Amino acid sequence: CALPISATTMASASRMLRSLRLRSSSLSKAAAAATVAGLGAFSVNAVASCEPGLDSVVTRLEKVANRLEAIAEGGDYDTSVDAALLAKYSNSSDGYIASCISKICAAKVTNPSNITASLFSIKYFDSLSEAAQKALAMCINSGAQNADSGMGCYAMSPTDYDTYGPFFSRVIAAYHKVPRGSKHVTDWNLSGVEGLPEDGQLDLTKLGLPALSMRVRVGRNLSDFKLPGAMSAADRLRMEQKMCVAFEKLKQKFGGRYHSLTPGHPDHITNDEYNALVKGHKMFKDMSDDSYLADAGIASDWPVGRGCYVSGDGGFIIWVGEEDHLRIMCMNKGTVLNEVFDRLKTALDTVESIEGLKFAHSDTYGYVTSCPTNLGTGMRASVHMKCPNLTADGTDAACKAVCKPLGLSVRGLGGEHTPIGADGTVDISPSARFCISEAQIVTALYTGIKNLVAEEATAKK
Ligand code: ADP
Ligand code: ARG
């Protein structure tokens with residue numbers, strides 16, 4: 001039967017084949033052969049059954065490929081620790097491998113909530129080439145050296161998520177609580193999103209709240225550089241230079257300036273200026289103090305290649321060289337969340353339209369970020385909100401307990417891993433980033449705040 005083959009169909013078919021090739025390269029030979037054989041048999045049947053369009057055949061092929069891959073891997077992916085393999089790698093002449101593998105295996109017992117430790121398979125690791133072993137060890141070293149990690153790994157290259165699919169797909173599914181192989185779809189359109197008020201306005205005054213500090217950020221990485229954990233100092237400098245060209249364009253439209261931490265840079269700022277920017281929530285903290293980032297290599301060469309662009313009105317900011325190449329955000333004290341959300345979308349479109357800036361993106365995982373926790377949207381939408389009753393004991397413990405089932409994360413006043421404000425101010429944001437749309441995240445923030453306001457009132461009694 002002759003079916004019309006559209007360009008889109010051809011593109012998705014070739015994308016699928018590309019992704020299959022990548023994924024099968026990280027499976028053992030036997031598993032790859034089983035997957036490909038199964039897929040071949042399915043393709044013949046699918047085409048013979050003459051579906052109404054090739055698009056649906058491609059979609060079905062993808063689903064079947066995922067299923068076959070899972071079956072083929074089933075016997076291969078064993079997270080138990082084989083004593084002989086542990087001895088082999090713990091005694092490796094490569095000290096990095098020895099330390100990383102012995103510690104990640106130990107953490108399986110001491111820290112079962114470390115997702116990387118619990119899903120690391122020494123047998124899968126053993127099936128890889130020496131170069132691939134080194135690359136995967138770099139991805140998991142943070143979780144090995146910091147056994148208390150929740151996630152415990154960072155990608156070093158945008159392709160790592162596919163190349164080491166048997167490991168990463170499990171970690172991603174476990175953290176984001178989605179089936180393995182789930183695909184992320186980007187969507188900023190608010191209309192029709194569940195929980196959105198009829199007028200489409202996410203207005204905090206309707207929840208009885210005053211103006212709050214609101215912020216929406218996305219993590220983005222440039223497709224022509226390695227991810228931050230694998231960058232050299234020279235890479236970091238080249239990337240900063242590339243962004244400075246882009247900032248010249250942004251300055252024409254939004255005013256403002258770039259602030260660099262690179263010694264000798266024309267836009268270099270003093271320590272006092274840097275501290276003031278951190279205090280004003282515009283710049284990121286000293287990364288070398290963060291052992292998760294340091295052991296991932298992400299904090300290396302600090303402060304080289306690091307800085308931030310701040311627009312003339314201070315409300316549009318781009319960080320350069322933190323956990324992701326770029327963190328792009330809009331921030332404002334106000335009452336309507338749409339303001340920062342819409343402004344970020346417009347600003348992002350401008351950034352993306354700058355020639356030469358291409359963000360790393362995956363057909364499966366959406367926007368690619370260093371940390372699997374941020375995959376998909378890379379978005380964190382937050383408010384600084386006072387919860388004096390839920391923090392009456394001076395800690396965030398009760399607030400976290402209430403927020404977790406509401407799908408909200410609680411952070412301190414200075415961001416992740418910082419204490420809450422003396423007046424009980426906490427940073428509240430929806431936890432989900434992957435397999436959720438951008439529009440759903442900002443709406444989830446609104447709904448979450450509404451629920452938290454009720455919990456805070458109850459806690460008073
Ligand atoms: P990220 O949000 O990029 O994951 P952090 O949690 O470390 O990183 O926060 C980075 C900075 O952004 C910190 O100074 C934090 O206080 C600030 N911040 C986050 N949310 C808000 C907000 N709603 N208003 C003002 N500052 C905020
Ligand atoms: N690597 C740390 C852990 O596994 C932090 C993970 C989430 N935070 C982040 N900034 N990516 O616990």
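Counting convention: from 1, in listed order, for ligands and their atoms alike. Everything numeric in this text was worked out from a predicted model, so none of it was measured.
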### Task
Do me a favour and list the nearest non-hydrogen protein atom to atom 11 (N) of ligand 2 with residue, atom name and distance?
Glu323 OE2, 2.9 Å
### Query
Does Asp267 offer a backbone N or O that forms a donor-acceptor pair with the side chain of Ser260 under 3.5 Å?
no
### Query
salt bridge (charged side-chain N to carboxylate O under 4.0 Å, His left out) between Arg217 and Asp324: does it pass, once the steps are laid out?
CA-CA 12 Å; Arg217 64 88 163 150; Asp324 291 303; 5.7 Å; no
### Query
Is the distance between the ring centroids of Tyr89 and Phe125 less than 6.0 Å?
yes
### Task
May I ask you to check if Arg170 and Tyr77 form a cation-pi contact, with NZ or CZ under 6.0 angstrom from the six-membered ring centre and within 45° of the axis?
yes
### Plane angle bin for Tyr309 and Phe316 - parallel if under 30°, tilted between 30 and 60°, otherwise perpendicular
perpendicular
### Query
Taking 4.0 angstrom as the limit, do Asp342 and Lys345 come out as a salt bridge?
no
### Task
Step through the shown structure and confirm whether more than 12 heavy atoms of other residues, nucleotides or ligands are within 6.0 Å of NZ on Lys404.
no
### Query
Of all heavy-atom pairs between Val216 and Ala381, which one has the smallest distance, and what is that distance?
CG2-CB, 4.1 Å
### Query
Which option out of Ser113, Gly152, Gly143 puts a heavy atom nearest to atom 4 (O) of ligand 2?
Gly152
### Query
Taking N or O atoms only and a 3.5 Å limit, does Ser142 qualify as a polar contact for ligand 2?
no
### Message
Distance under 4.0 Å to a non-hydrogen atom of Met151: what atoms of ligand 2 satisfy this?
### Response
3 (C), 4 (O), 12 (O)
### Message
As a test of reading the model: which residues have a non-hydrogen atom less than 4.0 Å away from ligand 1?
### Response
Ser213, Met214, Arg215, Arg217, His281, Lys285, Trp319, Arg327, Arg380, Ser382, Val383, His384, Arg411, Leu413, Gly414, Gly415, Glu416, Asp427
### Task
Please list all pairs passing the salt bridge (charged side-chain N to carboxylate O under 4.0 Å, His left out) test where one or both residues lie in residues 121-136, with sequence neighbours left out.
Asp78-Lys123, Lys88-Asp126, Asp94-Lys134
### Message
Just to confirm my output: which protein heavy-atom neighbour is closest to atom 7 (C) of ligand 2, and how far is it?
### Response
Glu416 OE2, 3.6 Å
### Query
By number and element, which atoms of ligand 2 are closer than 4.0 Å to a non-hydrogen atom of Gly150?
3 (C), 4 (O), 12 (O)
### Message
Could you identify the single nearest non-hydrogen protein atom to atom 6 (C) of ligand 2 and state the distance to 0.1 Å?
### Response
Cys371 SG, 4.0 Å
### Query
In ligand 2, which numbered atoms sit nearer than 4.0 Å to a non-hydrogen atom of Thr373?
7 (C), 11 (N)
### Task
Indicate the atoms forming the closest heavy-atom contact of Leu452 with Cys403, along with that distance.
CD1-SG, 3.8 Å
### Distance from atom 5 (C) of ligand 2 to nearest protein heavy atom, with residue and atom
Tyr154 OH, 3.9 Å
